[in-house]
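Data block below; observations after.
Any value given below was found using the heavy atoms of this structure, including those in side chains, with hydrogens, waters and symmetry copies removed. Source: prediction; values computed, not measured. In what follows, chains are A, B, ... by sequence order, proteins preceding strands, each numbered from 1.
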Amino acid sequence: MSAKSFSDIPKAYNPSQVEDKWYKYWIDNGIFNSDIDKTKKPYTIAIPPPNITGMLTMGHILNNSLQDIFIRTKRMQGYNACWVPGTDHASIATETKVTKFLADKQIDKYQIGREAFLEHCQEWKKEYGGIIIQQLKKLGVSCDWRRERFTMDDEYYHEVIKAFVELYKEGKIYRGYRMVNWDPANKSAISDEEVIFKTVNGKLWYFKYPVMDSEEFIVVATTRPETMLGDTGVAVNPNDERYKHLIGKKILLPIADREIPIFADDYVDMEFGTGAVKVTPAHDVNDYDMGQRHKLEMINIFNDDATTNGNVPKEFRELDRYEVRKKVVARLEELGLMFKIEDYQNKVGYSERGNVPIEPYLSEQWFMKMSSEGGSASGGDDLVTPAIKAVQEGKIRFYPKHWEKTYFHWMEGIRDWCISRQLWWGHRIPVWYCVGDDHCNLECKQPIVSITPPEKCPHCGSTNLKQDEDVLDTWASSWLWAHAIFKTDEERKYYYPTNTLVTGPDIIFFWVARMIMAGMHFMKDIPFSDVYFTSIIRDQQGRKMSKSLGNSPDPLEVIKDYGADALRFTVIYLAPLGQDVFFSTDKCELGRNFANKIWNAGRFLLMNLPDRQAGAENIFLNKDLKNAHKDFADEWIFSRLNKTLLQLNKAMDEFEVNNAIKLIYSFIWNDFCDWYVEMIKNRLYADNVEVKSAVLTRAISIFEDALKMLHPFMPFITEELWQLMDERKDGESISTSSYPVADGKMIKDSADEEMDFVKDIITAIRNIRGEMNIAPSKKVNAMIKSSSVKDYQIEYIKKLAKVEYLKVDPNIQKPKASASAVLRGVEIFIPLEGLIDLEVERQKIQKEITRLEGSLAGIDKKLSNEKFVANAAPEVVEKERAKQKDWKENIIKLKEILSNLS
RNA sequence: GGGCGCUUAGCUCAGUUGGUUUAGAGCAUCUGCCUUACAAGCAGAGGGUCCGGGGUUCGAAUCCCUGAGCGCCCACCA
């Protein structure tokens with residue numbers, strides 16, 4: 001780096017010029033790369049792989065900023081930091097998108113067929129799949145890009161298939177004809193977790209079903225009239241007196257003209273509706289269960305797209321389910337069988353991706369067994385038990401902790417996972433069927449499960465084999481992410497388990513829980529030790545930011561306007577652990593302003609360096625002088641620096657990242673800029689050359705430490721300034737510089753105390769100036785009646801409070817027509833002949849006396865309470881006594897001032 | 001129907017195992033300033049029944065009970 005001259009450095013920080021330059025520098029110098037290095041401890045993060053359909057959202061910004069903060073901090077602290085990036089093929093999400101994309105071009109997925117469709121998907125992935133990765137780079141994330149993974153890479157694909165075969169052999173994967181959640185838009189089964197329940201305003205229809213051989217009707221209520229075409233029974237509660245006489249009788253189902261039984265089942269709630277339930281075993285989960293219990297006929301009335309099939313009367317066939325609903329209702333009305341219709345609010349399950357109501361649907365699917373028979377309590381050889389234990393035993397910690405409850409609750413009530421999808425984009429299920437020759441026997445019906453395609457049927461020898469058409473649920477591949485991203489055993493041994501997982505609580509079931517299961521099962525170890533659940537980013541109205549609502553600002557635009565550092569800072573600053581965040585773009589001013597503040601602090605230091613500006617005074621840096629010529633201000637800033645570091649480490653250990661950044665913010669802005677920089681100016685502009693060198697060297701050293709502490713949060717500006725602060729070698733970076741280590745010995749209460757005293761005096765004088773509307777450019781004279789103000793403190797007070805002549809003397813007489821303040825046993829007078837309004841001053845002092853007397857009364861009461869003195873900790877009582885004494889003295893002094901005020 | 005979280009200044013939030021006391025910060029508001037790092041800034045000021053009601057305690061924003069409001073998750077009520 002060649003030194004820049006001060007005149008090159010603009011007054012306002014301009015991020016766009018800086019960010020791309022340093023990102024390229026980091027990549028070119030391999031700063032983010034990680035390889036096995038047994039001399040170093042690894043610190044590993046596996047990125048939650050964004051979908052290839054994804055665009056960068058504010059959620060990604062928060063999530064990836066956090067990961068980058070963790071990984072950069074550890075990298076600087078000497079760990080072998082490895083952040084593996086990648087993307088998820090997102091089976092159903094991508095297939096939905098590509099299908100729609102093709103449909104817009106009048107291309108039908110089913111017409112072109114599987115192979116052609118998959119080619120389109122690959123093309124689509126090539127075109128759009130990398131966008132989000134490119135966008136992430138703008139944020140400054142320090143991933144090892146050489147390690148980029150995709151869930152359908154060859155090695156990863158193989159890993160997924162291997163896991164399937166393994167689990168099948170262990171009996172943990174099975175095939176079954178079951179009722180599943182059917183997405184008619186995608187014509188595929190989906191898992192329970194992919195069903196989103198929405199409250200909809202619907203109706204409750206009451207039908208009259210005629211009881212056979214009787215004049216009676218039985219009235220049933222339903223939210224889905226169309227399913228009556230598949231009814232095969234009517235259920236009542238066995239204890240329901242109203243219907244007891246009908247149990248065992250039959251009903252002639254209207255329209256379908258089918259005879260169906262009336263039976264009793266405990267499931268029926270007598271209070272709801274009429275207490276009689278129409279039962280459609282093929283299209284409702286509860287009805288299915290009842291159907292099983294009572295051996296009812298199952299009549300499937302729908303095709304895979306939720307249109308009616310041949311099992312309904314002719315005129316009702318091949319119609320959309322909502323069309324049929326209208327027709328059924330109309331017909332029942334015609335027949336005089338409509339009893340009544342009520343408005344009714346109920347919850348309807350929607351397909352997450354298809355965004356249409358799901359249909360409970362009977363079909364042949366693959367399932368993964370989650371807990372052993374009889375629940376998870378009984379055994380250890382299932383997937384769930386070790387995963388529960390890992391969290392229970394604290395091997396995996398959740399932040400915030402309360403998510404553990406949600407996790408346990410779900411894990412304990414877990415049901416088998418439907419992992420097959422009637423889709424094409426994804427990992428095709430490694431199962432083949434013999435579709436045989438003449439000599440085929442019954443055994444040939446057994447599926448052939450194999451990692452590689454079998455050549456022939458092991459039973460009949462036929463080579464006429466057909467692979468299962470289905471692909472796996474996307475989460476049945478991403479659940480292996482934590483280990484499958486590492487290709488060799490050696491790498492797995494070194495990097496696995498990963499350390500911190502940063503993800504949203506919305507995928508705790510989809511992904512986090514299943515990754516834990518996969519880790520415990522396949523690796524016999526946890527996949528990560530800490531899980532940080534991010535906040536949800538909401539807009540100003542409190543709505544979740546989402547693509548569909550269009551209320552999420554484009555992060556790239558925000559980065560363009562405010563800078564990546566400002567965006568990162570703002571999002572982290574606003575996001576406390578476990579709380580939602582209300583974000584709006586203009587809040588980024590917070591981060592931008594902070595960046596500018598740091599920028600100018602750096603500028604100030606740089607402009608005093610001789611080699612940065614021709615003709616500047618000769619202040620040479622001399623690292624040997626870093627601790628020379630220290631006074632209380634220096635002691636204080638070191639004390640503050642080290643205290644901040646300790647608090648920062650603690651906050652980071654507890655994943656309180658927003659507290660961490662607030663600590664840094666406050667140290668840089670309030671301590672360093674507001675006070676320390678102002679205080680060193682006296683010495684910087686004084687005569688002693690060595691003192692000047694010492695002061696500037698020290699200030700720069702402290703500033704560099706602050707830059708390092710800030711670097712994980714705001715990587716670009718800190719790199720830029722760090723590079724400017726000193727001559728750096730080629731390839732050197734703040735990213736790989738050593739992180740400051742806290743030194744408890746540097747924390748000195750005496751320095752803090754002395755500084756507070758001086759600050760209070762300065763603030764009191766500034767306060768008077770403010771109230772008297774004295775321009776900052778105008779100096780005043782001041783007197784301090786005290787014996788405790790030290791000579792060396794006087795220059796600071798004069799400088800920072802803009803005092804021309806400052807007289808300190810324990811025997812000072814208050815001059816007439818002066819404003820005054822009393823604090824810490826010190827009286828301050830500012831003579832303001834002609835400027836002061838005595839009445840206003842009198843009121844001000846009186847107000848202060850009243851306030852102090854109020855406080856004093858409280859403390860008097862407290863201290864005269866024997867129980868307090870007896871029970872409270874001695875140091876607390878001591879503190880109260882000290883306060884009491886201090887306030888009493890102040891009151892006396894103020895009263896004296898008041899009486900002499902003329 | 002269960003579970004979880006939240007409620008503190010106009011807004012967004014801090015507030016450690018109860019005790020620096022006058023409950024803090026940023027934004028917003030008001031006042032004065034282009035003071036030679038920074039107007040994206042500096043120096044000041046005002047602004048609060050800590051959601052309501054009980055209780056424990058010498059002492060509660062903080063712990064317990066209870067009520068209200070908001071948000072989220074889970075659950076098969078036709």
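We find that A:E678 and A:K799 are not joined by a salt bridge, their nearest charged nitrogen and carboxylate oxygen being 4.0 Å or further apart. Using a 4.0 Å cut-off between a side-chain N of Lys or Arg and a carboxylate O of Asp or Glu, A:R824 and A:D886 do not qualify as a salt bridge.
Counting any heavy atom pair closer than 4.0 Å across all strands shown, A:K779 reaches no nucleic acid atom. The residue A:V268 sits close to a base: some heavy atom pair falls under 4.0 Å. Looking at heavy-atom distances under 4.0 Å, A:V869 makes no contact with the nucleic acid at all. At a threshold of 4.0 angstrom between heavy atoms, the contacts of A:F272 include nucleobase atoms, whether or not backbone atoms are also involved. Among the atoms of the strands shown, base atoms are found under 4.0 Å from some heavy atom of A:G275. Across all strands shown, A:Y267 has heavy atoms under 4.0 Å from base atoms, whether or not it also approaches the sugar-phosphate. Residue contacts shown for A:W205 are absent, as no nucleic acid heavy atom lies under 4.0 Å away. Across all strands shown, A:K401 has no heavy atoms under 4.0 Å from either base or sugar-phosphate atoms. Contact annotation for A:V277: base contact, defined as any heavy-atom pair under 4.0 Å involving a base atom. Residue-level contact check: A:F703 touches neither bases nor backbone, having no heavy atom under 4.0 Å from any strand.
For A:I414 and B:A75, the CD1 to C1' distance is 15 Å, given to the nearest whole Å. In this structure, the NZ atom of A:K650 is 11 Å from the C1' atom of B:U17, given to the nearest Å. Taking atom CG on A:N670 and atom P on B:G24, their separation rounds to 15 Å, with Å as the unit. The distance from atom CD of A:E656 to atom P of B:A14 is 10 Å, rounded to the nearest whole Å. In this structure, A:E678 places its CD atom 8 Å from P of B:A37, rounding to the nearest Å. The distance from atom CD of A:E880 to atom P of B:C58 is 16 Å, rounded to the nearest whole Å. The distance between atom CG of A:L590 and atom C1' of B:A28, rounded to the nearest whole Å, is 13 Å. We find that CG of A:N658 is positioned 17 Å from P of B:A25, with the value rounded to whole Å.
At a cut-off of 3.5 Å, with distance as the only test, a side-chain donor of A:Y796 or A:R683 sits close to an acceptor on the other residue. Side-chain atoms of A:N181 and A:E194 include no donor-acceptor pair closer than 3.5 Å.
Under the 6.0 Å distance and 45° angle rule, A:K278 does not count as a cation-pi partner of A:F207. Cation-pi geometry between A:K340 and A:Y206 is satisfied (NZ or CZ under 6.0 Å from the ring centre, within 45° of the ring normal). For the pair A:K198 and A:Y350, the cation-pi test (distance below 6.0 Å, angle within 45°) is passed. Figure legend: cation-pi geometry between A:K681 and A:F604, with NZ or CZ positioned under 6.0 Å from the six-membered ring centre and within 45° of its axis.
Between B:A61 and B:G54, the distance separating the two P atoms is 14 Å to the nearest Å. Across the P atoms, B:G3 and B:G59 are found 33 Å apart, a figure rounded to whole Å. Remark: the separation of the C1' atoms in B:U29 and B:G10 is 9 Å, to the nearest Å. Taking atom P on both nucleotides, B:C42 is separated from B:C27 by 9 Å, rounded to a whole Å. B:G46 and B:A25 have their P atoms separated by 12 Å, given to the nearest Å. Using atom P as the reference point in both B:G47 and B:A40, the two lie 29 Å apart (nearest Å). Only the P atoms considered, B:U16 is 44 Å distant from B:A78, to the nearest whole Å. B:U62 and B:U56 have their P atoms separated by 15 Å, with the value rounded to a whole Å.
Nearest-nucleotide positions on RNA chain B place A:W410 closer to the 5' end than the other of A:N346 and A:W410. With the nearest nucleotide of RNA chain B identified for both A:E848 and A:E271, A:E848 has the one nearer the 5' end.
Taking every side-chain heavy atom of A:Y573 into account, B:A25 is the closest of B:A25, B:U12, B:A78. Side chain of A:C673, nearest nucleotide from B:A37, B:U12, B:C38: B:A37. Considering only the side chain of A:K802, B:U35 comes nearest among B:G26, B:C58, B:U35. Comparing B:G71, B:C77, B:C73 by their nearest atom to the side chain of A:D269 picks out B:C77. Distance from the side chain of A:K879 is smallest to B:U20 among B:A14, B:A37, B:U20.
Considering only side-chain N and O atoms, A:Y344 lies nowhere under 4.0 angstrom from the phosphate OP1 or OP2 of B:C77. Residue A:Y407 has no polar side-chain atom (N or O) positioned under 4.0 Å from OP1 or OP2 of B:C73.
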All N/O contacts under 3.5 Å from nucleotides 3-10 of chain B to the protein, with atom names and distances to one decimal?
unit_1, atom_1, unit_2, atom_2, d
B:C4, OP1, A:K405, NZ, 3.2
B:C4, O2', A:H402, ND1, 3.3

Protein-nucleotides 40-51 of chain B N/O pairs under 3.5 Å:
unit_1, atom_1, unit_2, atom_2, d
B:A40, O4', A:N593, OD1, 3.1
B:A40, O2', A:N596, ND2, 3.0
B:A40, N3, A:R592, NE, 3.4
B:G41, OP1, A:N593, ND2, 3.1
B:G41, O3', A:K597, NZ, 3.2
B:C42, OP1, A:K597, NZ, 2.8
B:C42, OP1, A:W669, NE1, 2.7
B:A45, OP1, A:N767, ND2, 3.1

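Counting only distance, with no hydrogens or angles, the side chain of A:N767 and the backbone of A:T763 share no donor-acceptor pair below 3.5 Å. Using a distance-only test at 3.5 Å, with no hydrogens or angles considered, a donor-acceptor pair links the side chain of A:D416 to the main chain of A:M370. In terms of modelled atom types and a separation under 3.5 Å, the side chain of A:N600 and the main chain of A:R603 share no donor-acceptor contact.
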May I have the step-by-step check of salt bridge (Lys or Arg N to Asp or Glu O under 4.0 Å) for A:E804 and A:K779, ending in yes or no?
CA-CA 5 Å; A:E804 180 84 60; A:K779 295 214 168 182; 5.4 Å; no

Between A:F398 and A:F533, does a ring-ring contact (aromatic ring centres under 6.0 Å, His included) hold up when you go through it step by step?
CA-CA 7 Å; A:F398 285 2; A:F533 288 106; 5.3 Å; yes

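Counting atom types as modelled, A:N865 pairs no side-chain N or O with a base atom of B:C58 as donor and acceptor under 3.5 Å.
Checking each of A:I661, A:I668, A:T570 against A:F594 for a side chain to side chain contact (heavy atoms under 4.5 Å, CB included) leaves exactly one that passes, namely A:I668.
In this structure, CD1 in A:I536 is found 14.5 Å from CE in A:M58, a value given to the nearest 0.5 Å.
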Let me have RNA chain B in dot-bracket notation, would you? Count Watson-Crick plus G-U wobble pairs, both distances under 3.5 Å, and use [ ] for pairs crossing earlier ones and | for inter-strand partners.
(((((((..((((.....[....)))).(((((.......))))).....(((((..]....))))))))))))....

